[in-house]
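Counting from 1, the numbers follow the sequence of the chain as shown.
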Amino acid sequence: MKKTVFKVLSATLLLTAIAAPSIQAANYKFNFDDTSGLMFNNHAYTGEAWKVTDDEDPVVKVDHLDSGFKPNSYMVNLEGAVRSSSQIIKTTGKYSFTNQGGKGGFRYKLKFDENPISSFSSFNIRGSWNPDTY
């Protein structure tokens, strides 16, 4: 009986150790509910958020995305310069970006561009994000 309990506990600990690195703990503290424009203005921005650290990566959790739309998203500074890798948002879920020049003490926004660009439609996307993973 003791051997069976030991084997079960050992297997549970092993599986936990294997799965733990793939689980990302992130603090999604800035909510957004954005709708893109029409007629070659097919992008949307979140509100501004302060980045605290230089080395943390931006994270996004998408709770709603209009069916059929797959926007390209990335973090930009207030002048519009890209400061992260880009991701195509295909479904709801969690996404992590690579910080590419975002510095602590500055404000950033997420930008969503319709992919591919269409002049006669708009999309809505909702969720939360943080320019720092913590």
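Separation of atoms CG (N72) and CG (D113) is listed at 6.0 Å; rounding is to 0.5 Å. Here the straight-line distance linking atom NZ of K109 with atom CG of N77 works out to 9.5 Å at 0.5 Å rounding. Note that the CG atom of L65 and the NZ atom of K70 stand 9.5 Å from one another [nearest 0.5 Å]. Here the CG atom belonging to N31 is positioned 8.5 Å from the NZ atom belonging to K61, to the nearest 0.5 angstrom. The OH atom of Y108 sits 15.5 Å away from atom OH of Y74, with the distance rounded to the nearest 0.5 Å. Within the model, atoms CG of L110 and OH of Y45 stand 11.0 Å from one another, a figure rounded to the nearest 0.5 Å.
The shortest heavy-atom contact between T133 and D57 is OG1-O, 2.6 Å. For the pair Y28 and K94, the tightest heavy-atom approach, listed with the atom from each and the gap, is OH-CD, 3.4 Å. In terms of heavy-atom proximity, A49 sits nearest to W129 at CB-CZ2, 3.7 Å.
Checking T35 against N124 by side-chain atom types alone, a donor-acceptor pair falls below 3.5 Å.
Residue pairs satisfying the salt bridge (Lys or Arg N to Asp or Glu O under 4.0 Å) criterion with at least one member in residues 125-134, sequence neighbours excluded, are listed as follows: K51-D132.
The ring pair (Phe, Tyr, Trp, His ring centres under 6.0 Å) search around F123 returns F69, not counting sequence neighbours. When the ring pair (Phe, Tyr, Trp, His ring centres under 6.0 Å) test is applied to F32, the partners found at least two apart in sequence or on another chain are F112. K29 meets the side-chain hydrogen bond (donor to acceptor under 3.5 Å, both in side chains) test with Y134; sequence neighbours excluded. Looking at residues two or more places apart in sequence or on another chain, you find no ring pair (Phe, Tyr, Trp, His ring centres under 6.0 Å) involving F106.
In this structure the side chain of T46 never reaches within 4.5 angstrom of the side chain of F30, judged on heavy atoms. Between V60 and S73, every side-chain heavy-atom pair lies at or beyond the 4.5 Å cut-off. Using a 4.5 Å cut-off on side-chain heavy atoms (C-beta onward), D55 and N99 make no contact.
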Validation: residues 78-86 side-chain donor-acceptor distances under 3.5 Å, sequence neighbours left out:
| from | atom 1 | to | atom 2 | distance (Å) |
| --- | --- | --- | --- | --- |
| S84 | OG | M75 | N | 2.8 |
| S85 | OG | T98 | N | 2.8 |

